[in-house]
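The structure appears below as structure tokens.
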Number of protein chains: 2
Amino acid sequence: MVQPHAIGRLSLYRRLLTDHLNPGTQFVFSHELATMARVSPAQVRRDLMHLDSTGSPSKGYRVDELVASLGNELDHPTGQLVALVGIGNLGRALMTYFQGRRERLAITAAFDRDPEKVNRVYQGCRCHHVEELETVLKRDNIRTTILAVPAADAQRMADRLVAAGVRGLLNYAPVPLRVPNDVYVEEQDMTTALERVAYFARERRPPRRED
Amino acid sequence: MVQPHAIGRLSLYRRLLTDHLNPGTQFVFSHELATMARVSPAQVRRDLMHLDSTGSPSKGYRVDELVASLGNELDHPTGQLVALVGIGNLGRALMTYFQGRRERLAITAAFDRDPEKVNRVYQGCRCHHVEELETVLKRDNIRTTILAVPAADAQRMADRLVAAGVRGLLNYAPVPLRVPNDVYVEEQDMTTALERVAYFARERRPPRRED
DNA sequence: GTAGCGCTGTGAGGCGATTCACAGTATCGC
DNA sequence: GCGATACTGTGAATCGCCTCACAGCGCTAC
Ligand SMILES: NC(=O)c1ccc[n+]([C@@H]2O[C@H](COP(=O)([O-])OP(=O)(O)OC[C@H]3O[C@@H](n4cnc5c(N)ncnc54)[C@H](O)[C@@H]3O)[C@@H](O)[C@H]2O)c1
Ligand SMILES: NC(=O)c1ccc[n+]([C@@H]2O[C@H](COP(=O)([O-])OP(=O)(O)OC[C@H]3O[C@@H](n4cnc5c(N)ncnc54)[C@H](O)[C@@H]3O)[C@@H](O)[C@H]2O)c1
């Protein structure tokens, strides 16, 4: 019913409301959120339709109520732990970036196989040897993982993660993963992204709506 | 005519053919590429339809010919230069990752405003002060840029880049950019990506095709 | 009190992307 | 040589997401 794109926008709306609104703003209209998110007002209203928070004509949506509803939809009620596998250049950047950003979505387990990194602490999170993967994931009941290992190891690591109970994977390795279809994978393929940008920086009409 | 998703897949096909095929393989079938790319065979054939390389029944597509055609479609004939703005944790990871990966798509200009970083060399690429942005971009005729500055600076920097002639932007700052609509922007929003993965790791049926 | 305005919530329709399904064809076995 | 086979290329059908458009309504002005 609620599809990936819509969930992504809900996440964006929340961030815009909490981080990029004049502090003290009590109400927003769909067209204001739409402008910030670069989508149409109708899109915003449709996305918010299923939430329990409802807008009023003439005032719009109560910001605090909306943020709460969004949290309700997006966050695990008591908090959800995330594992990060591969503490290389990208892994460390991600660790720095995500840490402390959301109360209910924190990286609490890191893994690598490089002895240099094992047992070092990154952003308050100790790096385990990758052999402890299964133990730690099961102990902490972790179902969400960021994968930042080299391409050659990605599929094997994904298999282990899935076997250990992981149901959501954010994959930075530039190879599409094969997983059972009750596991959600999001491919974050930066090479593709850059090549696409390069392509459209040159060729043809760029595919975007007027405004 | 050729849409962003299709271009993204072409980029992926090429990478799969060059990096993940048994060396020596001379032909591939659409269903083989499809399996590697995690898409349907019909999708592969449709994507390749417009290329000048054509498949043969009973043999499939010639790999070398296909790779050449893909390069033909995706690459700038004589090479395309890319700028990277913001040499922080993420910027440095990206620099390391992209450098030397494609002959015709290389990061050749880096910018930051931190005096610590200016004039240091990262992956063979000297970091300029951001005030030299316009000069360098125009001198090298750069139209493709990766943006990895803090959210607060992203829009302003995007405006400067567009004014300096940039027509394609890969944005890592977690704020959607407002640009004229002859400029192509790709938002790489990692927070959204992680929150979406977390969401689908919990809730409902995951949205994927059988196989 | 009531008219007017401008917004929300949403059914219906439209549109782009994907899949279906098959005609056309190169190859193989005999 | 010729039938069987399995693939490509592609028109047509389908699907899912997004936008249109408007009924319903709360607020404001007077
Ligand atoms: N750096 C980037 O900006 C960037 C961009 C796009 C994609 N990627 C992809 O992300 C992945 C990581 O990139 P990176 O730049 O951080 O590489 P990196 O080489 O710096 O880091 C890889 C890390 O993974 C660890 N590792 C290797 N095999 C492992 C295994 N089997 N189990 C656990 N840990 C293992 C290594 O010890 C290392 O710490 C790669 O697949 C890369 O292609 C990176
Ligand atoms: N680190 C990550 O993994 C990650 C993940 C997702 C998104 N991001 C986003 O990417 C961006 C960069 O992240 P980071 O972790 O590298 O941050 P960072 O603070 O490490 O680096 C930012 C860099 O930009 C430079 N900078 C700041 N203002 C500038 C300006 N006006 N002109 C030129 N350079 C300027 C700073 O000197 C610094 O070197 C941020 O917007 C961040 O939200 C980062």
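Note on naming: letters A, B, ... go to the chains in the order of the sequence lines (proteins, then strands), and numbering restarts at 1 for each one.
Counting to the nearest Å, the C1' atom of C/dG6 and the CD atom of A/Glu32 are 13 Å from each other. Here the P atom of nucleotide D/dC17 and the CG atom of A/Asp47 are 11 Å apart, to the nearest Å. When rounded to the nearest whole Å, the span between NE2 of B/His50 and P of D/dT10 equals 9 Å. The distance between atom CG of B/Leu33 and atom C1' of D/dG9, rounded to the nearest whole Å, is 16 Å. Between the CZ atom of A/Arg9 and the C1' atom of D/dT19 there is a distance of 12 Å, given to the nearest Å. Regarding A/Met49, its CE atom lies at a distance of 16 Å from the C1' atom of C/dC7, rounded to whole Å. Atom CZ of B/Phe27 and atom P of C/dC28 are 11 Å apart (whole Å).
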Distances under 3.5 Å only, N/O to N/O: pair up the protein atoms with those of nucleotides 2-8 of chain D.
unit_1, atom_1, unit_2, atom_2, d
D/dT8, OP1, B/Ser30, N, 2.8
D/dT8, OP2, B/Ser30, OG, 2.6
D/dT8, O3', B/Gly55, O, 3.4

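The side chain of A/Gln3 places no N or O atom within less than 4.0 Å of a non-bridging phosphate oxygen (OP1 or OP2) of D/dG16. For A/His5 and D/dG16, the shortest distance from a side-chain N or O to OP1 or OP2 is not below 4.0 Å. At the phosphate of D/dC17, neither OP1 nor OP2 sits under 4.0 Å from any side-chain N or O atom of A/Gln43.
Sorted by first then second residue, the salt bridge (charged side-chain N to carboxylate O under 4.0 Å, His left out) pairs that include residues 15-29 of chain A, not counting sequence neighbours, are A/Arg15-B/Asp189. Residue pairs meeting the salt bridge (charged side-chain N to carboxylate O under 4.0 Å, His left out) criterion with at least one partner in residues 145-166 of chain B, sequence neighbours excluded, are B/Arg113-B/Asp153, B/Glu131-B/Arg160, B/Glu134-B/Arg160, B/Asp153-B/Arg156.
For the ring pair (Phe, Tyr, Trp, His ring centres under 6.0 Å) test, residues two or more places apart in sequence or in another chain that qualify with B/Phe111 are B/His128. Here B/Tyr122 pairs with nothing under the side-chain hydrogen bond (donor to acceptor under 3.5 Å, both in side chains) rule; sequence neighbours left out. Annotation: ring pair (Phe, Tyr, Trp, His ring centres under 6.0 Å) contacts of B/His31 (sequence neighbours excluded): B/Phe29. Residues passing the side-chain hydrogen bond (donor to acceptor under 3.5 Å, both in side chains) test with A/Gln99, sequence neighbours excluded: none.
With distances taken from any side-chain atom of B/Arg46 to the nucleotides C/dA12, D/dC17, C/dT19, the minimum falls on C/dT19.
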Please list every donor-acceptor pair under 3.5 Å in which a side-chain atom of residues 139-146 of chain A meets a protein atom from a residue at least two apart or in another chain.
unit_1, atom_1, unit_2, atom_2, d
A/Thr144, OG1, A/Gln80, NE2, 3.1

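Using a 4.5 Å heavy-atom threshold, the side chains of B/Tyr97 and A/Leu90 count as separate.
The stretch residues 63-71 of chain B has no heavy atom under 4.0 angstrom from DNA chain D at all.
Although no hydrogens or angles enter the test, the distance criterion places no donor-acceptor pair under 3.5 Å between the side chain of B/Arg14 and the main chain of B/Val67.
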